[in-house]
Number of protein chains: 2
Amino acid sequence: MALPREYTQQSCSVARALEVVGERWSLLIVRDAFFGVRRFSDFSAHLRIPRAVLAERLDFLVGEGVLERGTGTRPVYALTAKGLGLWPVVRTLAEWGDTHYGPRGPRRLFTHAGCGGAVDPVGSCSACGQGVPVGDTVMSPGPGFEAPGEGANAVSVALASPHRLLQPLR
Amino acid sequence: MALPREYTQQSCSVARALEVVGERWSLLIVRDAFFGVRRFSDFSAHLRIPRAVLAERLDFLVGEGVLERGTGTRPVYALTAKGLGLWPVVRTLAEWGDTHYGPRGPRRLFTHAGCGGAVDPVGSCSACGQGVPVGDTVMSPGPGFEAPGEGANAVSVALASPHRLLQPLR
DNA sequence: CACAATGGTTCGGTGAACGAACCAAGGTGT
DNA sequence: ACACCTTGGTTCGTTCACCGAACCATTGTG
């Protein structure tokens, strides 16, 4: 009963959510999916995560309806509508991390693709006041961003330039 | 180097944040701190967490400046300003959990202590439009709330009625 | 056709989480 | 003042999650 992902005694939505995304690596996989990572090998290369763990996590997230897997032997993984709902979680975590562990300011900036205004964690544009869908959000390197070094993987390199969220990397 | 809480290869604020709060039980401890839980035994009773794990987590969160510990052999634990910054994370997680794993609607409602308006995950009051500090937020049972059963611990019982966030339970 | 890329799966080792037991100090009641 | 209870831990042996290395089958490319 006391399975490592579960919080069986908790009658609480935070616990229910953590049962899905609270395991080690899960939220980083979800984050990468928002950034447009789609392929097993790209998740693996970017996250430097053991392949067995990645496979298990992807399976589980697909099973919970957070991600969906394309067909074939070379499937792509994409966030479902349910998975898209995790953006405020990812974003608020990033903001907190930036504030307290980002000495040079935010690593990523998020702007509205249409008007260029800053998009807040729950998706409002500071310039035009509209709710901005995740897919209309452009992510750019911020002042705290560390450029990929020599020999960095292709995903890190691709994510080092402005890029729409959810846009597949390839 | 590949310590279980760390994500050493990640140049990312989400990863930095998860290094602090991403371990099993940490975010639930933080959640409970928002609810006003202050004592070791109360965290232990409410979370049903192994005591060694709780002690280690509290130590770590204190070390990271998320919580502070009072003096004496019976210390109270309270969120620091840094810890308070995690409220949007906790709240957005709860919202996502409510949406997808709460068949009867939200388990908790959050209202502005002054005017009674609904408070959104980043702290805006829907009635008066003001930013609402966490401590001015009243948490009440919502439609999806499950009342504590027979023999439930005192913390669950205390949290079953409307209560200001951060207000110590005792 | 040969080789590389891809998406896994298996395996043994290490460490985290677990429940049970123990312990020292402080608090409370008689 | 003393005995007992409560509190906040700490220790310990067991189980399992995560890890890195190795292996493998299928597909894609030159």
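So you know, we letter chains A, B, ... as the sequences are listed, proteins then strands, and number each from 1. Only a predicted model underlies this, so the values are computations on that prediction, with no experimental measurement involved.
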Residues pairing under ring-ring contact (aromatic ring centres under 6.0 Å, His included) where one sits in residues 91-114 of chain B, two or more places apart or in two chains, turn out to be B:Trp87-B:Phe110, B:Trp96-B:His100, B:Trp96-B:Tyr101
So the ring-ring contact (aromatic ring centres under 6.0 Å, His included) pairs with at least one residue in residues 136-170 of chain B (sequence neighbours excluded) are none
Spacing between [X] atom [atom1] and [N] atom [atom2], to the nearest angstrom:
| X | N | atom1 | atom2 | value |
| --- | --- | --- | --- | --- |
| B:Asp59 | D:dG8 | CG | C1' | 11 Å |
| A:Phe60 | D:dC18 | CZ | C1' | 16 Å |
| B:Arg48 | C:dA17 | CZ | C1' | 17 Å |
| A:Leu54 | D:dG20 | CG | C1' | 15 Å |
| A:Ile49 | D:dC18 | CD1 | P | 9 Å |
| B:Ile29 | D:dG9 | CD1 | P | 12 Å |
| A:Glu23 | C:dA16 | CD | P | 17 Å |
| A:Glu56 | D:dC19 | CD | P | 12 Å |

Checking D:dC18, D:dG9, C:dA17 against the side chain of B:Arg57 (C-beta onward), the nearest is C:dA17
Regarding the side chain of B:Phe40, the nearest nucleotide among C:dG19, D:dG8, C:dG7 is D:dG8
Rounding to 0.5 Å, atoms CH2 (A:Trp25) and CD (A:Glu56) come to a distance of 14.0 Å
At under 4.0 Å, does any side-chain N or O of [X] touch on OP1 or OP2 of [N]?
| X | N | result |
| --- | --- | --- |
| A:Arg39 | C:dG7 | yes |
| B:Arg24 | C:dA16 | no |
| B:Trp25 | C:dC18 | yes |

Within the 4.0 Å heavy-atom criterion, would you say B:Tyr77 contacts the bases, only the backbone, or no part of the nucleic acid?
sugar-phosphate
Checklist entry - Does the distance from a Lys or Arg side-chain N to an Asp or Glu carboxylate O, for B:Asp98 and A:Arg16, drop under 4.0 Å? => result no
Quick note, salt bridge (charged side-chain N to carboxylate O under 4.0 Å, His left out) partners involving residues 112-130 of chain A, not counting sequence neighbours, are none
Sorted by chain and number, sequence neighbours left out, side-chain hydrogen bond (donor to acceptor under 3.5 Å, both in side chains) with B:Thr92 holds for A:Thr92
Residues at least two apart in sequence or cross-chain that pass side-chain hydrogen bond (donor to acceptor under 3.5 Å, both in side chains) with A:Ser124, listed by chain then number, are none
Contact string for nucleotides 23-30 of chain D, one letter per nucleotide 5' to 3', B = base within protein heavy-atom range under 4.0 Å, S = sugar-phosphate only, - = neither, reads ---SBS--
